[in-house]
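Because the structure is predicted, anything quoted here is derived from the model rather than measured. By convention here, the first residue in the shown sequence is residue 1.
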Amino acid sequence: MKATKKSARIAGLLYLLMAITGAFGILYVPSNIIVHGDVTQTANNIITSESLFRMGIVSYLICQASFVFVVLALYHLLKGVNGKLALLMLALVIVAIPIAFLNMLNQIAALILLSGVDSLQEFEPEQLNSLVMVFLKLHEQGIYIVQIFWGLWLFPFGLLVYKSGFIPRVLGILLMIACFGYMVDSFAFLLYPHVGDIISPYATVPSAIGEFSIILWLLIKGVKG
């Protein structure tokens, strides 16, 4: 039981690291850099706050790298509950991580376009600014694609928690609900972008509640004695 509690707390600590770095890279930095509908101001923000923009990229990459260790820790903790479900949880995360890493190339491309390299001298500033916004939009779309897997892995995770007997069942239910929150957010945005903008603040609430609840439980309580 002591070993299990230790594994739970390690998983919670890694999960917390992932949540903090993810929030910084995915939410905080873009909200302070990107001005929707204003390509010139967005480009100027990247140039004047390049260090912040780069920190956002690195933070996002740390988040995704941490995801590997989070799911391995959770797999070790929960594989005894149901091996097949634990493998499914692991597989869904392993699929998601390369997509997330490759998607970050879009933000790196935006930096290259504004770097002033000789090969881009033939382009007018307005053209470069427009291309920067295109790559930032591609990155945003990529987030909604990989978010599908960020949702899917929570269902087997939630089911494992529900069946475990050493973590409260309500947390498993919250995680399974969070799965559908991510899915609704992604598909609503990809199918009907204007509707997605309206739904997104509400669809992500179950995700936030479910994931932060399990993080806090793993960190503070670990597992039931």
Side-chain angles (χ1 to χ4, degrees), residues 1-27 59-103 143-187 203-225:
M1 183 54 68
K2 285 184 178 180
T4 303
K5 284 191 175 185
K6 183 179 179 181
S7 296
R9 291 201 168 102
I10 290 171
L13 186 61
L14 290 168
Y15 210 154
L16 180 62
L17 173 64
M18 192 180 86
I20 292 170
T21 52
F24 183 79
I26 298 170
L27 300 175
S59 185
Y60 178 94
L61 294 176
I62 291 172
C63 168
Q64 295 308 307
S66 300
F67 207 175
V68 177
F69 300 100
V70 169
V71 75
L72 286 174
L74 291 172
Y75 175 78
H76 179 72
L77 180 67
L78 297 166
K79 64 182 179 180
V81 178
N82 186 304
K84 290 182 179 179
L85 275 178
L87 278 174
L88 177 60
M89 174 185 70
L90 182 63
L92 288 169
V93 172
I94 296 304
V95 170
I97 292 169
I99 300 172
F101 267 85
L102 287 172
N103 186 43
I143 290 289
Y144 282 103
I145 291 170
V146 73
Q147 190 174 261
I148 294 169
F149 289 96
W150 292 347
L152 284 173
W153 88 283
L154 291 176
F155 194 85
F157 179 25
L159 201 52
L160 286 165
V161 168
Y162 184 83
K163 291 182 174 185
S164 69
F166 52 78
I167 301 175
R169 286 188 167 190
V170 66
L171 296 182
I173 294 170
L174 288 174
L175 287 169
M176 287 185 278
I177 294 171
C179 162
F180 293 105
Y182 274 120
M183 301 291 282
V184 168
D185 189 32
S186 287
F187 286 118
T204 52
V205 169
S207 309
I209 293 173
E211 293 198 82
F212 277 104
S213 295
I214 191 68
I215 288 171
L216 289 174
W217 178 269
L218 291 172
L219 278 173
I220 298 169
K221 188 71 175 178
V223 294
K224 289 181 180 178

Is there side-chain contact between [X] and [Y], with heavy atoms separated by less than 4.5 Å?
X      : Y      : result
Phe101 : Val146 : no
Met183 : Ile148 : yes
Leu152 : Tyr182 : no

Between [X] and [Y], which heavy-atom pair has the shortest distance, and what is it?
X      : Y      : value
Leu171 : Ser213 : CD2-CB, 3.6 Å
Leu218 : Ala8   : CB-O, 3.4 Å
Ser59  : Gly25  : OG-N, 3.9 Å

How long is the gap from [atom1] on [X] to [atom2] on [Y], to the nearest 0.5 Å?
X      : Y      : atom1 : atom2 : answer
Asp185 : Phe180 : CG    : CZ    : 15.0 Å
Ile145 : Ile99  : CD1   : CD1   : 8.0 Å
Leu92  : Leu88  : CG    : CG    : 4.5 Å
Leu159 : Leu154 : CG    : CG    : 12.5 Å
Leu160 : Ile167 : CG    : CD1   : 9.0 Å

Requested in this report: Kindly indicate, with the supporting measurements, whether the criterion side-chain contact (heavy atoms from CB on, under 4.5 Å) is fulfilled by Ile214 and Phe157.
Outcome: CA-CA 11 Å; Ile214 191 68; Phe157 179 25; 3.9 Å; yes
Sequence neighbours excluded, which residues qualify as side-chain contact (heavy atoms from CB on, under 4.5 Å) partners of [X]?
X      : result
Ile94  : Leu90
Leu16  : Ile20, Ile215, Leu219
Leu102 : Leu105
Ile10  : Lys6, Leu14

Kindly list each side-chain donor-acceptor pair under 3.5 angstrom involving residues 64-83, sequence neighbours excluded, with atom names and distances?
unit_1, atom_1, unit_2, atom_2, d
Ser66, OG, Ile62, O, 2.7
Asn82, OD1, Lys84, N, 3.1
Asn82, OD1, Leu85, N, 3.0

Query raised in the report: What pairs with Tyr162 under ring pair (Phe, Tyr, Trp, His ring centres under 6.0 Å), at least two apart in sequence or on another chain?
Result: none
Query - Listed partners of Ser186 passing side chain to side chain donor-acceptor pair (under 3.5 Å), at least two apart - result: Gln147
Query raised in the report: Looking at residues at least two apart in the chain, or sitting in another chain, which of them share a side chain to side chain donor-acceptor pair (under 3.5 Å) with Tyr60?
Result: none
Query raised in the report: So with a 6.0 Å cut-off around OH of Tyr144, is the heavy-atom count from everything else above 12?
Result: yes
Query raised in the report: Which pairs, with at least one residue in residues 9-19 and sequence neighbours excluded, count as a side chain to side chain donor-acceptor pair (under 3.5 Å)?
Result: Tyr15-Glu211
